[in-house]
Amino acid sequence: MTNPATMKIGYPCINSSISRNAPSTFKLASYSESKLVKTVKNNLIYLKNLLRYNVKNNLLFFRISSDLVPFASHPVCKFPWYIFFQAELEQIGDYIKKHDIRISMHPDQFVVLNSPNEMIVQNSFNELIYHCKILDTMRLDETAKVQIHVGGVYGNKLEAIGRFIKTYNKSLKLLEGSIKSRLVIENDDHLYSIKDCLCIHQQTGIPIVFDSFHHECFGDNTEVLIRDPLNMIIFTWKKNKDGLPMVDYSSQDIVTTSNNSHLLFRKGKHTATIDLISFKKFLKQTEGLDFDIMLEIKDKEKSALKALDLVRKKYRHFVSAG
DNA sequence: GACTGTCAAGACCGT
DNA sequence: ACGGTCTTGACAGTC
C-alpha cells in the first residue's frame, strides 16, 4: 500500500492564494545591486509565507523557484547574495527541516550538460552552482534535489548520452558545492525516455525523476503503462541518502479534432485544474509504491489540495490508524 | 485598468 | 541560414 503517512504532495514555485507586495524579478537592462537586494528580500518574504501556508495545509513537498535570485548566474551579478542573505536562508532552511518539507529545484531548459558547445556547458555549470548554493546555504541535506533534463540529441543520441555521462562523472565533482549529490534527471516528452534515463543511471548512479505526463507524451504510446517504469526508477533512489523518489504528475488536456470522431490527446498541454478521475486511476496503478508527488498543474496549490483530500479519503483507515 | 510585446540563456523543425 | 515554436509568468511600456 502507498503509505499516506510518508507520501508528500506538493506543487511548484508559486501560490495563487498568497499575494505579492513587490515584483519578483526585473529586466536585465535595469539591473542594479540595490534592485537585486530589494527583490531577493521580497522573494524570501514570499517564500516564507508560502512555506507557512504549505505547512498549515499539509503540502509538504515544494519546488523553490529558480527566480529566487534574479540573474544570479549571469556575469552581471557580482554580488555575494549567499553571504548577504545567509542568515535568512539558514532560517528558512531551519523551518524546512523543522517541518520535514521535501524540497526540489528545477533549472530551466538552458541547463544542457551534453551540449557540444563548451560555453553552453559552462553556463549550465554556473546555473547549477547557483541552484545548489541556495540549498547549501539553507543547510539542507542531499534529499533536496536539483532536477534537469538530459539535454539535446544533436543527431546522435548515443554520443549525446556519452557526453552527458562523461560530464557528470568527470567534471561535476570538481565543481563547488553539492551539485553531484543533488543532481537528478527527469524524462522529457520527446527526446529522452525513462529507458534512456535508466541507461544513464547505470553508468552514473543518478536518480531518476519520473514525469508521468512526459512519459505519456513520449512517442506513439497508445497504451501507456505507468507502474512498470515507475517501479524501475524507484530503485535509482538510495532511500537513506536521496530520500523518497520524486514523481512529477499532471493530467492531459483532452480535445476533439474536427476530422476525427475520437478523442485525441493534444500533446504537451496541461489541464487548468487536476482531473481527479485520472488522478484516482494513477493512484490505483501505483498502489504500494512509495514516492513524493509534485503536481505540475496550472492552478498550483488548489490542485495539490484537491489531490491531498482525495488521498486522505482513499486512505482514511490508514491515517486514523497511524 | 486593460492590453500587449518582451524577456539571459537552447534545441529542434520546417522552409 | 533563419524564423517559428516549445512553455510560461510576469515585467514594462502603451493606450
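To find a chain, count down the sequence lines: A is the first, B the second, and so on, and within it residues start at 1. Being a predicted model, the structure only gives us computed values, none of them experimental.
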- Taking atom P in both B/dG10 and C/dA10, compute the distance separating them and give it to the nearest angstrom. 23 Å
| request: Kindly determine whether A/Lys133 and A/Glu176 satisfy salt bridge (Lys or Arg N to Asp or Glu O under 4.0 Å), including the steps that lead there. | output: CA-CA 9 Å; A/Lys133 210 154 220 162; A/Glu176 56 181 301; 3.3 Å; yes
note: A/Asp67, atom CG; B/dA8, atom C1'; distance rounded to Å ~ 11 Å
Per atom distances to the A/Lys298 side chain, the nearest of B/dA11, C/dG9, C/dA12 is C/dG9
Within less than 4.0 Å of OP1 or OP2 of C/dC11, is there a side-chain N or O belonging to A/Ser24? yes
Q. If you measure from the C1' atom in B/dT6 to the same atom in C/dG4, how many Å do you get, rounded?
A. 16 Å
In whole angstroms, the gap separating P of C/dG9 from CG of A/Leu68 amounts to 18 Å
Counting any heavy atom closer than 4.0 Å, what does A/Tyr154 reach on the DNA or RNA strands: base, sugar-phosphate only, or nothing? sugar-phosphate
Practice task
Might you work through the salt bridge (Lys or Arg N to Asp or Glu O under 4.0 Å) test for A/Glu33 and A/Lys78, ending with a clear yes or no?
Solution key: CA-CA 9 Å; A/Glu33 215 158 81; A/Lys78 310 270 189 234; over 6 Å; no
Under a 3.5 Å limit on both distances, the Watson-Crick or wobble mate of C/dA10 is B/dT6
- Item | Side-chain-base donor-acceptor pair under 3.5 Å for A/Ser73 and B/dA8 | yes
To the nearest angstrom, the CG-C1' distance between A/Asp108 and B/dC7 comes to 12 Å
Of the candidates C/dC11, C/dC6, B/dA11, the side chain of A/Lys27 sits closest to C/dC11
To the nearest angstrom, the NZ-C1' distance between A/Lys35 and B/dC7 comes to 14 Å
Separation of B/dG10 atom C1' from A/His190 atom NE2, nearest Å, is 11 Å
Taking a pair to mean Watson-Crick or G-U wobble geometry with both distances below 3.5 Å, B/dT15 pairs with C/dA1
Discussion item. Over all strands shown, is A/Val153 touching base, sugar-phosphate only, or nothing at heavy-atom distances under 4.0 angstrom?
Written reply: sugar-phosphate
Same-atom distance (P) from C/dA12 to B/dA8, integer angstrom
10 Å
Rounded to whole Å, CG of A/Asp188 lies from C1' of B/dA11 at a distance of 11 Å
Rounded to whole Å, the CD1-P distance (A/Ile297 to C/dT8) equals 12 Å
Closest of C/dC6, B/dA11, B/dA8 to the A/Gln109 side chain is C/dC6
A/Asn43 atom CG is separated from C/dC11 atom C1', nearest whole Å, by 13 Å
message: Can you confirm if the aromatic rings of A/Tyr130 and A/Trp81 lie within a centre distance of less than 6.0 Å?
response: yes
Among C/dG9, B/dA11, C/dC11, the one nearest any side-chain atom of A/Ile120 is B/dA11
Taking the six-membered ring for Trp and the single ring otherwise, decide whether the centroids of A/His215 and A/Phe210 are under 6.0 Å apart. yes
**Report entry** Between C/dT5 and B/dG5 - P atom distance, rounded Å
**Finding:** 14 Å
_Test your reading of the model: is there a side-chain donor-acceptor pair from A/His74 to the backbone of A/Val76, 3.5 Å cut-off?_
yes
**Prompt:** Is the A/Phe279 ring parallel, tilted or perpendicular to the A/Tyr249 ring (thresholds 30°, 60°)?
**Reply:** perpendicular
